[in-house]
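Reading through the C-alpha cells given below for one structure.
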Number of protein chains: 2
Amino acid sequence: MNKAQPRTRIQRKNIETILEAALDVFSQYGFRGSTLDQIAKTAGLSKPNLLYYFPSKEAIHVALLSELMDNWLGPLRSMNPDGDPIPEILSYVQRKLEMSRDFPRESRLFANEIIQGAPRIEDAIKGDLKTLVDDKASVISKWVSEGKLAKVDAYHLIFSIWSLTQHYADFEVQVALVLAEKNERSHEDASLFLTTLFTRLLTP
Amino acid sequence: MNKAQPRTRIQRKNIETILEAALDVFSQYGFRGSTLDQIAKTAGLSKPNLLYYFPSKEAIHVALLSELMDNWLGPLRSMNPDGDPIPEILSYVQRKLEMSRDFPRESRLFANEIIQGAPRIEDAIKGDLKTLVDDKASVISKWVSEGKLAKVDAYHLIFSIWSLTQHYADFEVQVALVLAEKNERSHEDASLFLTTLFTRLLTP
DNA sequence: AAAATGTTTGACCAAATGGTCAAGAGCAGG
DNA sequence: CCTGCTCTTGACCATTTGGTCAAACATTTT
C-alpha cells in the first residue's frame, strides 16, 4: 500500500474509487458516524476489498485528510508578499470561494474534523497550518504598517476569510433553503458580496 | 413525557440532566456518531433510564434541536426595525458573538446538523427561520434604499454575520491552536475585529 | 402502613459494526 | 499452458449498537 506510488493500475483505480466514496460518506456523517459498509456500498466494492487496500477505517480517513490539507492551503500559500495587497487578498478570497463551490465535500470533511476536536489533524494544524498562517499574518501586518491596508488584526482577517468562504460549502443546505425561490446566481452574488466586504474593510 | 410541563421534580431534573449530557455528546460527534451509552455515561444514568424519559435516541436529539432553534434566533428576532441601522446590526453581531462564546456546544450541535444535510430541522429552516430571515432582510434592504446603510445584499449580510460569529464556536479548536501562544484576549479581539468589519462594510 | 404510582436497572435481544481469514478468481511473465 | 502473484469475497467473529422488559426499588397518596 505504498502511498507514494500505487503499483498496479487496478490499485490506482480502486484506491481512487475508495477515497472518492469515503469522501462522500465521511464528509456527510463525520468519522464516527460513517461505516465501512456505507463506504463499500458507495464505492461498489465489498467490505473486505476496502480492507485489502487500507488497513482500517481510520487509515482511509487519515489518507483523505492528509491529501486534503495540502490542497486546502494552496490558495493561502500562493498569496504573494510582493504583490499588490488588496488584489492579493481579494484573489485569495475568490480562490477560496471557488474551492467551496467546487469542493464542498472537502470543506465539510474538514469542518467535521475540526468540530469534533480535530483529533486526527491536530498536529497538522499546530505544524504546517500554523506556520503558514503565522507567515502570512506577518505579511499582512507589514502591509498594514506600511499603510497599504486599513488597520486590521491579521489573524482575525484570515479567520474571517476562511469562515465566510467555507460557510457557503458547510452550510450549503441552509443557504439554499433560505434563498429558495431566489434566482440561481448565488455563487455570483456571494462573490460580489465578499469582494465588496473585503474591499471596504481593507481600503485604507 | 409531557414536553410542556414535566410533572415531578425527578422528571424535571433527569430530563435536564439527559439533555445536558446529550448536548455534550451530540455536539461533538453528530447524531450518527453519538451513542446512547455515551450519553448515559455522561449523564450518570443507565441506558434504560434514558429511554424511560425519551422514547428514542432521535427523540433526544429532536428535543435538543427544537429547544435550540428558538434561542438561536432570539438575537435576530430582537433586531429593531425602528432602531438606528448600524447600531442595531452591530449589537446583533455582538449578541451572536457572545452566544458563540457562551454556548459553543449549541453552535456545534446546529453546525453538525446542517453539515449533515439538516434532516431533522429542514422544516424549521424552511419555516420559522426563513420567515424571520425574509422579514429582517427586507428591513435591511429598506435601510439600504433609504441610504442609511451602504449598499449590500441583505441575505448575504445575514449569512456573513452567522458565519463570522459561529466560526469562533465551531472552529474553536483551530482558532485556539493557531492563536496558541498569543495573549488570551481572543474574544475581545474578535469582538473588535467584527465591529470594525461591519462598521466599514455598512457605513454609507 | 398499604396501595398506587413513579423510577431504576440487570439481563436480554436482534441488528449493525470493524475487522479477519481462507479459499477462489484473475492476470502477468515465462 | 503453467506458475506465481495480485485481487476479490463469502463466511465468520467479537463487540457495540438502539431498544425492550419484567422485576425491584422509591415516593406519594390514601
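Since we're looking at a predicted model, the values are computed, not measured. In the text below, chain A, chain B and the rest are named by the order of the sequence lines, each starting its count at 1.
For the residue pair B:T195 / B:Q94, a side-chain donor-acceptor distance below 3.5 Å is found, with atom types taken as modelled.
Residue order along DNA chain D, read from the 5' end via each residue's closest nucleotide, puts A:K13 first among A:K13 and B:L36.
When atom types are taken as modelled, the side chain of A:T17 and the backbone of A:A43 share no donor-acceptor pair closer than 3.5 angstrom. A:K57 places a side-chain N or O within donor-acceptor distance of the main-chain N or O of A:S34, the cut-off being under 3.5 Å. The closest donor-acceptor contact from the side chain of A:T42 to the backbone of A:Q38 lies under 3.5 Å. In this structure a side-chain-to-backbone donor-acceptor pair under 3.5 Å is missing from B:Q174 to A:I125. Under a 3.5 Å cut-off, the side chain of A:S107 and the backbone N or O of A:P104 do not form any donor-acceptor pair. Without hydrogens or angle criteria, A:K136 side chain to A:R77 main chain gives a donor-acceptor distance under 3.5 Å.
Closest contact between the side chain of A:Y53 and the listed nucleotides D:dT8, D:dT20, C:dG18 involves D:dT8. Of the candidate nucleotides C:dT8, D:dG19, C:dG18, C:dT8 has the atom lying nearest to any side-chain atom of B:Y52. Taking only side-chain atoms of A:S46, from C-beta outward, the nucleotide of C:dT7, D:dT17, D:dT9 with the closest atom is D:dT9. For A:N49, the side-chain atoms get nearest to D:dT9 when compared with the rest of C:dT8, D:dT9, C:dG19.
Taking atom OH of residue B:Y29 and atom C1' of nucleotide D:dT17, one finds them 16 Å apart after rounding to whole Å. The separation between B:R32 atom CZ and D:dT16 atom C1' is 14 Å, rounded to whole Å. Distance A:D37 CG to D:dG10 P: 13 Å, rounded to the nearest Å. Regarding B:L50, its CG atom lies at a distance of 15 Å from the P atom of C:dT7, rounded to whole Å. For the pair A:L51 CG and D:dC12 C1', the interatomic distance rounds to 14 Å; values are reported in whole Å. Remark: C1' of D:dT9 and CG of A:L45 are 11 Å apart, rounded to the nearest angstrom. Taking atom CD of residue B:E58 and atom P of nucleotide D:dT17, one finds them 18 Å apart after rounding to whole Å. Between A:K57 atom NZ and C:dA16 atom P the separation is 16 Å, expressed in whole Å.
For A:Y168 and B:H156, the ring centers sit closer than 6.0 Å to each other.
Under 4.0 Å is where a charged nitrogen must lie from a carboxylate oxygen, and between B:K130 and B:D134 at least one such pair does.
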Name the pairs: protein N/O against N/O of nucleotides 13-15 of chain D, kept only if under 3.5 Å.
none

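The salt bridge (charged side-chain N to carboxylate O under 4.0 Å, His left out) contacts involving residues 79-102 of chain B comprise nothing, where partners must be two or more places apart or lie in separate chains.
OP1 or OP2 of D:dC7 has at least one side-chain nitrogen or oxygen of A:Q11 nearer than 4.0 Å. Proximity of A:N14 to the phosphate of D:dT6: no side-chain N or O atom is located under 4.0 Å from OP1 or OP2.
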Could you write nucleotides 21-30 of chain D as a row of B, S and -, 5' to 3', where a protein heavy atom under 4.0 Å of any base atom gives B, of only sugar-phosphate atoms gives S, and otherwise -?
B---------

